[in-house]
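In what follows, a single structure is set out as structure tokens and then discussed.
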Amino acid sequence: MEYIREPKDGPDGACVFCTLLADGLEGQPGPLFVGETAWVTLAKYPYNPGHLLVLPVRHEGDLEALTDAESGEIAALIRRSVGVLREASAPHGFNVGLNLGRAAGAGIPDHLHWHVIPRWGGDSNFMPVVGNTRVLPELLAETYERLKAVFDA
């Protein structure tokens, strides 16, 4: 419910992703890695521990407007994110994807962001169905510290 009720904009209606990158947001770990044209952060409302977002630095919601440099660095960071998660968490698989547009499920359609979600056999349970909630065994701050060490290595 926190996700549903929470405004999707940053302070003064600014893009929450641009604000996180530039100034940080209270209660949200900062970027895990910042490149020249793209960056990686933890999802604030993860599906699983280690759920990452890969985004262009530039505020852009149109996939076709990305430059070749942005597209290349995003692809490289998605690949690197998978490697970091493999090393830090040993998942059995991954979901990797982009929800392009609100109708496709993008909660923040004005700033492109790719999801990199680690998955483990049996990571689904009855709680989302019966309790309408997800159970995560690790706090965001703990996940951040564990993954940041691998990104920085």
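These numbers were taken from a predicted model, which means no experiment stands behind them.
Residues N48 and P118 come closest through the heavy atom pair ND2-O, 2.8 Å. Across all non-hydrogen atoms, the minimal contact from P29 to L20 is O-CD1, 3.6 Å. The nearest pair of heavy atoms linking R80 to F151 is NH2-O, 2.6 Å.
Considering CD of E87 and CG of L85, their distance stands at 10.5 Å, rounded to 0.5 Å. Atom CZ of R58 and atom CG of L21 lie 14.0 Å apart (nearest 0.5 Å). In this structure, S81 OG and I74 CD1 are separated by 11.5 Å, a value rounded to the nearest 0.5 Å. Note: C18 SG to D23 CG = 10.5 Å, rounded to the nearest 0.5 Å. Between the CG atom of L52 and the CD1 atom of I117 there is a distance of 9.5 Å, given to the nearest 0.5 Å. Atom NZ of K44 sits about 11.0 Å away from atom CZ of F17, to the nearest 0.5 Å.
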Under 3.5 Å, which donor-acceptor pairs do the side chains of residues 34-41 form with other protein atoms, sequence neighbours left out?
from	atom 1	to	atom 2	distance (Å)
T37	OG1	E73	OE1	2.5
W39	NE1	P56	O	3.4

Would you give me the side-chain donor-acceptor pairs under 3.5 Å for residues 91-101, sequence neighbours excluded?
from	atom 1	to	atom 2	distance (Å)
H92	ND1	G121	N	2.7
N95	OD1	R119	NH1	2.8

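V54 pairs in a side chain to side chain contact (heavy atoms under 4.5 Å, CB included) with only one of the listed residues (L32, L77, L112), which is L77.
Within a 6.0 Å sphere centred on CG of D152, heavy atoms belonging to other residues, nucleotides or ligands number more than 12. In the displayed structure, R79 atom CZ is contacted under 6.0 Å by at most 12 heavy atoms of other residues, nucleotides or ligands.
Taking 4.5 Å as the limit, some side-chain heavy atom of S89 sits within range of a side-chain heavy atom of R146. Within the 4.5 Å cutoff, side-chain heavy atoms of P46 are placed close to those of L140.
Judged by distance alone, the side chain of Y144 and the main-chain N or O of G50 form no donor-acceptor pair under 3.5 Å.
Sorted by first and then second residue, the pairs that involve residues 48-68 and meet ring-ring contact (aromatic ring centres under 6.0 Å, His included), not counting sequence neighbours, are Y47-H51, H51-H115, H59-H111.
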Might you work through the side-chain contact (heavy atoms from CB on, under 4.5 Å) test for V84 and F33, ending with a clear yes or no?
CA-CA 11 Å; V84 164; F33 178 84; over 6 Å; no
